Each structure stands twice: as structure tokens, then as C-alpha cells.
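Worth saying up front: this structure is predicted, and the values here are computed from it rather than measured. Every number for a ligand or one of its atoms is a count from 1 in the order of the listing.
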Amino acid sequence: MAIKFGRPIEMRDTPRQPAAAAPMLDLVVRPRRNRKSEWARRLVRENVLTTDDLIWPMFVIDGDNKRAPVGSMPGVERLSVDQVVRAAERAMKLDIPCIALFPFTEPSLRDENGTEATNADNLVCKAVRALKQEFPDLGVLCDVALDPFTSHGHDGLIRDGKILNDETVEVLVQQSLVQAQAGCDIIAPSDMMDGRIGAIRQALDANGFLDVQIMAYAAKYASAFYGPFRDAIGSAKALTGDKRTYQMDSANTDEALREVELDLAEGADMVMVKPGMPYLDIVRRVKETFAVPTFAYQVSGEYAMIAAAAANGWIDGERAMMESLLGFKRAGADGVLTYFAPAAAEKLKKHG
Ligand SMILES: NCC(=O)CCC(=O)O
Ligand SMILES: [Mg+2]
């Protein structure tokens with residue numbers, strides 16, 4: 001008897017199992033057929049998350065060999081520069097293409113004008129130099145805004161209780177230049193001042209930094225989900241009032257398109273929507289309207305919600321993490337800034 005794939009050829013047409021009972025519903029289309037097994041689900045899967053989609057945000061503190069937990073972000077630590085370099089090694093091993101740096105500035109170094117932001121030897125610049133020396137092939141993104149450096153916790157300069165736009169942009173340009181000089185690959189302005197992308201692009205070009213990319217926090221909303229981040233960089237207690245005169249109103253979507261359009265016209269190479277999960281509709285609209293590299297920031301409060309619920313045993317933390325990250329891909333994001341980056345990359349490496 002000829003054998004093919006383990007079954008006698010003569011028996012090919014005989015059913016493997018007794019015929020099932022007649023169906024109760026007369027359905028031509030049964031969508032469940034495509035979900036019947038793991039191989040079938042893999043075959044029709046529309047979106048995938050890979051390590052290439054991840055940007056890992058890290059908090060930098062002064063000192064040596066120091067790791068300090070962030071209370072409101074279980075599993076996240078502030079790292080001294082040498083530890084940032086160790087974490088970067090982990091990022092390289094995990095194939096994470098890029099990391100993002102946020103400083104915890106000593107309170108004694110914070111002032112009204114955020115002077116420390118333009119110090120070429122500040123924590124972020126030190127970290128960038130150390131990283132570039134050790135791992136030149138790892139992408140490094142630097143945030144541009146004054147909030148980690150101001151005594152009042154705002155992203156810009158204040159006069160008579162008002163955030164000044166054009167004066168702030170001048171400082172942001174200087175901040176971008178010291179970061180580019182340190183070796184930063186991507187400048188990411190998160191301040192939401194008007195016109196800062198154009199001013200920064202011009203200054204970068206004039207100083208020979210033609211290859212330094214700009215990822216604009218183009219649609220950044222005034223959000224309650226930033227709470228744990230302010231805890232991590234030490235600006236939570238300092239912050240007076242809120243940021244609603246510069247960050248966007250969460251009720252708006254057309255406004256996000258106008259913001260993105262301006263930032264692209266001013267020279268942004270990539271745009272970002274922030275926060276992430278509550279704003280997936282914005283990610284979708286931006287991607288469909290402009291077809292440019294579009295990123296989302298799964299912010300600290302989103303991380304904290306999942307981590308806290310998981311710690312209480314209320315959800316499966318690992319599955320919720322992966323599901324939330326895939327949601328960004330489904331919405332059209334090209335990548336995600338997420339505090340889950342190392343954990344997600346570990347899981348992707350293990351299970352593919
Ligand atoms: N400019 C960077 C942030 O504001 C991050 C916010 C967060 O993770 O909550
Ligand atoms: Mg803008």
C-alpha cells in the first residue's frame with residue numbers, strides 16, 4: 001500500500017472522523033474556521049509586534065552604581081550613568097533599536113529658567129557620551145523640554161504666571177544643541193511650544209548636525225496619565241498649576257492633525273502621539289492622513305495601571321502588556337515608547 005504523509009493513499013478520501021452531527025444553523029460563512037488552531041491564526045494574523053517597534057525610556061540619576069526604584073512604577077528604576085550603560089547592553093542584546101533618556105535633576109540644580117537644561121555637562125549629556133562610546137550602534141533619543149530642570153516643573157519659561165513661547169524656544173534650541181553635541185541621534189521636543197521644530201531644525205543644520213533626526217511630540221495632550229513620570233523625575237511636588245495652555249485638550253482630534261501638519265512642515269522626521277492607549281484614534285488619524293513614521297508613547301500612568309493590576313492578581317500582567325503593545329500596531333503606529341520595552345523584548349525573543 002502506497003503511503004503518503006503517513007496515510008495509505010487508498011484511504012485519502014475516507015473521512016478521518018465520523019461525520020459531525022448536522023449543523024443547527026445554515027451558515028455559509030463561519031469566521032471561527034480561521035481561528036480554529038494556532039497555525040491558522042498565525043496564517044491570517046494582520047499585525048505583529050517585534051523588538052524593532054520598541055523604544056525604551058530610562059531615568060538617569062547622579063552617582064555611581066546606583067539604582068533607585070520609582071515607587072509608582074513597579075519594576076522601573078532610576079539609573080546612574082554606568083547603570084544606563086549596562087541597561088543599554090541589555091537593549092542591544094534584546095535587539096531594541098533605541099533608548100530614550102530622562103534625567104532626575106538634583107533639586108539644588110533646578111531654577112526658574114531651567115538653566116541646567118543647557119549645561120553641556122548635565123546628566124543627560126554625560127549619559128549620551130558614555131552610551132555612544134560604548135554602543136555607537138544603539139539609537140539614543142533625548143527629550144527636549146524644561147520640566148526636569150525648572151523649580152516650578154513647567155516645560156517653559158514663566159513670566160507673570162504665563163508660559164512664554166518664543167523665549168522658551170530659544171532655550172530649547174540651546175538644549176537641543178548640547179544634546180546633539182554629546183552625540184544624541186534623535187532630538188524629541190516634548191514641550192509643545194509653537195514653532196520649536198523649525199527653530200531647532202535650523203539650528204541643528206547651521207551647526208552641522210544634518211543627520212540628527214527630530215521626533216516631534218506633535219500631539220501631546222494635557223493628561224492625568226503623566227503622574228508617575230513626574231514622580232520619577234522629581235517634578236511632581238514642584239509643579240504649580242497644570243499644562244493646559246500648551247499641551248492639548250483631550251477633547252480634540254482635528255487639532256492633533258493641525259499640530260502634526262505644522263511639525264512636519266517645520267522639518268520633523270517622525271511624529272508622536274502621547275499618551276498612547278486613550279489616544280489610539282489619534283494615532284490612526286495621523287497615520288492615515290500623513291503616512292509618515294508615527295510613534296505613540298505608552299506613558300507612565302498606562303504602565304502603572306497595568307503593573308498595579310497585575311501585582312494585585314487582577315489581570316495577567318504579561319498578556320495585558322503584549323495586548324496593549326499590539327494595540328498600538330493595530331492603530332497604525334510604527335513604534336512605541338514604553339517602559340515595558342525590556343520585558344516585552346524578552347518575551348518576544350523567547351517566544352518569537
Ligand atoms: N516628556 C516625556 C514625558 O512627559 C513622559 C510622560 C510619562 O511617561 O508619563
Ligand atoms: Mg505644535
Every N, O or S from the protein that is nearer than 2.8 Å to the Mg ion (ligand 2) = Glu259 OE1
Do any N or O atoms from the side chain of Asp242 and from the backbone of Arg244 form a donor-acceptor pair under 3.5 angstrom?
-> yes
Side-chain cluster (under 4.5 Å, hydrophobic types only) that Val28 belongs to, other residues | Val29
Residue shell around ligand 1, heavy atom under 4.0 angstrom = Phe102, Asp143, Ser190, Tyr217, Lys220, Phe225, Tyr226, Phe229, Lys274, Tyr297, Val299, Ser300, Tyr339
Answer yes or no: is there an ion pair linking Glu255 with Arg258, defined by an N-O contact shorter than 4.0 Å?
-> no
Name the orientation class of the two ring planes belonging to Tyr279 and Tyr221 (parallel below 30°, tilted from 30 to 60°, perpendicular beyond 60°).
-> parallel
Pairs satisfying side chain to side chain donor-acceptor pair (under 3.5 Å), at least one member in residues 46-55, at least two apart = Asp53-Lys329
Look at the aromatic rings of Phe59 and Tyr339 and report parallel, tilted or perpendicular, splitting at 30° and 60°.
-> parallel
How about Gln83 and Asn65: do any of their side-chain heavy atoms sit closer than 4.5 Å?
-> yes
Between Lys93 and Glu89, does at least one N-O distance fall below 4.0 Å, as a salt bridge requires?
-> yes
Ignoring hydrogens and geometry, is there a side-chain-to-backbone donor-acceptor pair from Thr150 to His154 under 3.5 Å?
-> yes
